[in-house]
Each structure stands twice: as structure tokens, then as C-alpha cells.
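Here is how names work: the chains are called A, B, and so on, in the same order as the sequence lines, proteins then strands, and each is numbered from 1.
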Amino acid sequence: MSKSTLTLNERRLKRRNIAYKTMGQCFIWLVLILMYIPIMVLIVYSFTKATNIGTWTGFSFGLYSDLFTSKTGHEIMVALGNTVLIAVISAVLSTLLGTCGAIGAFYSKRKAKEVIETTTQIPVVNAEIVMALSLTVMFVFIQSYMLGGSNVFGFWTLLFGHMVLEVPFVYLSVKPKLEQMDPALYEAALDLGCTQGQALRKATLPEIFPGILSGFMLSITLSLDDFIVTAFTRGAGLLSGDKNISTLSTLVQEKIKKGPIPPEMRALTTLIFVVVLLIAIGITIYRNRTVKKVRKGREG
Amino acid sequence: MKSTNHKSHKAKRTLKSIFAFKRKYLSIPYFVFLVLFVLIPIVIILVYAFTKVDDHGNLTGSWDSLVTFFSSPAKINVLVVSLFIGLLNTILCLVIGYPIAYLLADKKVNKNYVLVMLFIMPMWINFVLRTGATRDVLNMLGLKGGEHPYVATMIGLVYNYLPFTILPLYTTMIKLDKAQIEACRDLGCNPFRTLIHNILPQSVPGIVSAAEMVFMPTMSSYVISSTLSEGKLTLFGNSIAFAFENNLWNDGSFMATIMLVIILVTMLITNRFHKGENSRGRAF
């Protein structure tokens, strides 16, 4: 169609569409920029050694070497190690427990299934602080009435605390995959001579694997981001105790209570941002590929 | 002789059928875990809320915590302020998040998943760190939390919860029935009327789960309010934690019970709109 054949109305419509598109994109980018300002400021000031952001004392990579050598840097690295360790261990255990729970509940009778499902909803909707405190109260209860006062708080209580956060979300990620699965698959595996365990492993598991994976990833992010449950279940000194396991959340909270974010932390923020960016790129590529595959499958 | 043999054989078979592997048994450890670490702790909290330790060191039923709470204007004030801030944050996040989710899902504006990813990414950076960064930047700009506790806290809250609103809204928006919207326009609705009469009703489930993701956590938030207001603004979460830190277990438990009641009420309201969705898990 040549330009001259466009009616006035069509041209107006086209112009309006272009205006809508630009305005929409401007709005999206404006909010994005506002959202990223704090992180970007930290990243920019990670290349100078000033104690406060806002003062620039010349470009240097000093903070990055401080991260591995200074005292605060050491604290940060220990906290980072703890955070990652707890995230991985709790996510693996939660994924195992949650996946088994979802499979089991899916094949249970309706009433049992309803009970499990309702109980699963409780930690999902519950306020984190209520969850953390009720767990802590129970641990203190066990400590003083069943163990005669010997300290229970430590790695295990922290681990259970994080698992309570994660387990229901694994369940909820796996459940829809089980519902979408073809039930004949498991039966066919049995007919072809698999034992029940083999059928589960070879027929069911590959089908629900995407759900398990997303449950695992979600568990990791929930654990990495958690503050309240960690602060309460890690030790009896609650929020002020020093001889407790510290994670990034609790360490940063202790520091920002007293003053600005420690300079070394700015260097770590840059590193975390790079890792997160790489993961985001990875997920986008993976997603685009699966979308293409689905399209190809439909065409073929 | 023969009959006893037969009996024992039968008993063995029933035993075997009980202990033989069944798929539904897989849920037992999961359920036991939830009972031990979710249900029992909540029961303990409820018990503490309505009891006290008497002079002899025995636990007796009492309404003391209830009376203490409702006779303290300061505590009720905290609850009211928290409800208000929770509501305000939910509204602000929806007002900003709704158009963004709509635009992101609109093929005319955005064909790329990268932009959606950019909105999700902040959720993967530690939120305490982000909160500290927000405070430091606000300080740098001259907005001191100690002087403007409400403004600073609101900025921090919106900044933290916006991604949580955009995600569920986006997933609803990409499922919107485009033909219905077209029909609405063809029948002579202007964009505003199309929004009110078609797009909004279609996206109610997304709005509800977005609101759920914001309201409750805001009310009970701990770090954001205390960091950004430099301790000037106390939300319900802070006061629950404060009670426990000062060994006022009964009072703290009662406040936690109030929180549980509020959760129950919101659940009853929102259950009509959607059932047990995994609103956090949509990022993956």
C-alpha cells in the first residue's frame, strides 16, 4: 500500500499508535531507572575508596582487594559463605521433601489431599515474623523443657527455619506439573515391567522435572533473601547476639543500624549484580529457545 | 492347624500390603515436617496468647495479654498505622505496577522478555542490602529518614514490593482475552471505558494476588521501616519482635495472634478470587 492511499483516519491511527508506543516505553524505562538507582549508586561508588557514598576520592579498585583482605571484608566473606551454604543445603532438602510431598499428595485420597493442601497454604500466607517467632518459641520450649536448658540454637534450627519458608513453594511448583502429566505414562511403565520405584524415577520424574527445578531455584532465592527467620532462629541473642551464624542479611542489618553500608559491601554488590545479571541472561536465552521449540513443534 | 497357618499367612499378607511401597506414602515425611514446624509452633503461640505464668510457676488461662493490648492506646495506634501503611503501599504498588504490567504484556509496546527480567532481577539481590542502599541514597539526596520517617519508609516499601506486584499482574495480563478488548473498542468504548468495563474485570485475579503479596508483608515488615525511618516509625512487625526481645512472650504471642486473625480474614476475602496459586514462583 502506498502512502497516498492511506486515508486521513488511518494516518491518524498510525500516529496515535506510535505515540502510545513511545509513551509506554518511556514510562517503563523511567520506573526501571528509578528502581535501579540505589543499586547503581552502590556499584558506581564501589570504584572509589570513600567511606560514604556521595564523595568521590578518585578511581580505584581498592575496595575489591579490601573485600578479600580487610577485617570487614573477612566478615563479609564469612557471611557470604554461610548464606550460600545454608541456601544450597536447605534448598536441596526442601526440594526433596516438597517434591515427595507433592507426588504423595497427588496420589492420596481426596480428604488426605485436602488436609495436606490446606496445611501447605499456612506458611505461604502467614506473616514471616509470626512464622519466625512461633518457631523460635517452640525451639526455646524444647530447649528448656526437653533438653534441660542446653542450647539448641545453631545450624540445625536455622536450617529448619529456612526449610519451613521453602518447602511449601516447592510443593506448589511441582503440583501443577503433576496435574498436567499424562497418567497413562506411569501405568505404561508398570506394564512394561518397571517396579513402582523405577516407574516413578523413569516416567514421572522427567515429566515433573521443570517444576522441581523451579521449586529449587525459588527455594534458593527465598533463602538468600531471608532476614527475619534467620535473625530469630540462629541464636538466643536474637537480633543483637554476636556469637551467632551471620548471613549477608543479618550482617548488613547489623552494619546499617550503626551507619552507612560498609564500603567493602559496595564491591560485593557489584559482584552479586554481575552474577544475577548472568543468571537473568541465561534464563532469558533458555526461555527464548523453549518458546521457539514450542513454535516449531506446533508448525511441524 | 491348617486354619492357624492360613491365618498367619493372611496376617503376613496384610502386613505386607501395609508396608509395601505406595506412592501416597511419599507425602508422610512432608506432612510430618509441616505438623512439627508449622502447626505445633502456631498452637504454642495461641496457647501463650491466652495464658500467663502464675505465682507458683504454673501456666494458667488468662485474658491478661488481651487486656494489656486493648488498654494500650500506643499499641492500638501501631496496629492502625500499620494497617494504613499496608493499604497505602498496596495501592501505590498497584497504581504504578498495573500500567507497567499492561505495557509489558502489550505486544505493541514490548516484544521482549528482557524487560520483564529487568523488573524481576532486583528480587534476587538481597533486600536488606537494597534497603540500606535506598536509605544511603536518600540521605545523599538530603532526605533524612529521621526527619521524614513516613516519606522515607514509603519510598523504601514501594521500591521493595513493586517487583512482587508486577509479576503476578504481568502473568494475568498476557492471558487477557484480546478479542474481548477489540470487541469492546469496536462497540464504541473509549480507552477509559474499555479499561473500566473490560480490562480491569478480566485482571481481577492478578490484582488480588498482587495485593496479597504486598499488604501482609508490609504490615509485618521489620527491616524496611526500622532502617528507613531510623527507628522513628514502628510497624506491627517491629512491635511483635520488640515484645519477644523483651521477654514479653504472652503479649508478643497475643499480637502474633492478631496478625493471624488478620491473615485469616484476608484469606477468606481473597479465596473467592483464586485458589492456592504460586504467586512467588512465577519468575522461573
Pairwise side-chain contact, [X] with [Y], heavy-atom cut-off 4.5 Å (strictly under):
{"X": "Y20(A)", "Y": "L103(B)", "value": "yes"}
{"X": "V275(A)", "Y": "W124(B)", "value": "no"}
{"X": "F37(B)", "Y": "F139(A)", "value": "yes"}
{"X": "I42(B)", "Y": "N126(A)", "value": "yes"}
{"X": "V137(B)", "Y": "I37(A)", "value": "yes"}
{"X": "D225(A)", "Y": "M123(B)", "value": "no"}
{"X": "I283(A)", "Y": "I120(B)", "value": "no"}

Need one label for [X]: side chain, backbone, both or neither, based on atoms under 4.5 Å from any heavy atom in chain A.
{"X": "Y102(B)", "answer": "side chain"}
{"X": "L104(B)", "answer": "both"}
{"X": "F31(B)", "answer": "side chain"}
{"X": "I240(B)", "answer": "both"}
{"X": "M216(B)", "answer": "side chain"}
{"X": "S220(B)", "answer": "both"}
{"X": "F33(B)", "answer": "side chain"}
{"X": "L36(B)", "answer": "backbone"}
{"X": "N139(B)", "answer": "neither"}

Without placing hydrogens or testing angles, list every side-chain donor-acceptor pair under 3.5 Å for residues 127-134 of chain B, not counting sequence neighbours.
| from | atom 1 | to | atom 2 | distance (Å) |
| --- | --- | --- | --- | --- |
| R130(B) | NE | P122(B) | O | 2.9 |
| R130(B) | NE | I125(B) | O | 3.0 |
| R130(B) | NH1 | N160(B) | OD1 | 3.3 |
| R130(B) | NH2 | P122(B) | O | 3.3 |
| R130(B) | NH2 | I125(B) | O | 3.4 |
| T131(B) | OG1 | F127(B) | O | 2.6 |
| T134(B) | OG1 | R130(B) | O | 2.6 |

Could you give the distance from [atom1] ([X]) to [atom2] ([Y]), rounded to the nearest 0.5 Å?
{"X": "N126(B)", "Y": "T221(A)", "atom1": "CG", "atom2": "OG1", "value": "11.5 Å"}
{"X": "I256(A)", "Y": "L228(B)", "atom1": "CD1", "atom2": "CG", "value": "8.0 Å"}
{"X": "L32(A)", "Y": "I100(B)", "atom1": "CG", "atom2": "CD1", "value": "7.0 Å"}
{"X": "R287(A)", "Y": "M117(B)", "atom1": "CZ", "atom2": "CE", "value": "8.5 Å"}

Which residue out of [options] racks up the most heavy-atom pairs below 4.5 Å with chain A?
{"options": "I40(B), D106(B), V116(B), I28(B)", "answer": "D106(B)"}
{"options": "M255(B), K108(B), M259(B)", "answer": "K108(B)"}
{"options": "N110(B), L115(B), V35(B)", "answer": "L115(B)"}
{"options": "L264(B), V223(B), I262(B), L141(B)", "answer": "V223(B)"}

Checking [X] against chain B: side chain, backbone, both or neither under 4.5 Å from a heavy atom?
{"X": "L97(A)", "answer": "both"}
{"X": "N52(A)", "answer": "neither"}
{"X": "Y286(A)", "answer": "neither"}
{"X": "I220(A)", "answer": "neither"}
{"X": "T120(A)", "answer": "both"}

Please check if the side chain of [X] supplies one atom and the backbone of [Y] the other of a donor-acceptor pair under 3.5 Å.
{"X": "Q25(A)", "Y": "V109(B)", "value": "yes"}
{"X": "D136(B)", "Y": "I261(A)", "value": "yes"}
{"X": "Y36(A)", "Y": "L118(B)", "value": "yes"}

More than 12 non-hydrogen atoms from neighbouring residues, nucleotides or ligands closer than 6.0 Å to CZ on F242(B), yes or no? no

Under the ring-ring contact (aromatic ring centres under 6.0 Å, His included) rule, collect the residues that match up with Y171(A), sequence neighbours excluded. Y30(B)

Can you give me the closest heavy-atom contact between [X] and [Y], atom names plus distance?
{"X": "C100(A)", "Y": "L26(B)", "result": "O-CB, 3.4 Å"}
{"X": "G259(A)", "Y": "R135(B)", "result": "O-NH2, 2.7 Å"}
{"X": "I129(A)", "Y": "A241(B)", "result": "CD1-CB, 3.9 Å"}

I need the residue from [options] with the largest number of non-hydrogen atom pairs under 4.5 Å to chain B.
{"options": "T269(A), I28(A), I272(A)", "result": "I28(A)"}
{"options": "G98(A), P260(A), A105(A)", "result": "P260(A)"}
{"options": "K21(A), M35(A), M23(A)", "result": "M35(A)"}
{"options": "I281(A), L34(A), N17(A), L277(A)", "result": "L277(A)"}
{"options": "L96(A), V125(A), V41(A)", "result": "V125(A)"}
{"options": "K113(A), K255(A), M138(A), E117(A)", "result": "M138(A)"}

Check the angle between the aromatic planes of Y48(B) and F141(A) and answer parallel, tilted or perpendicular using the 30° and 60° thresholds. perpendicular

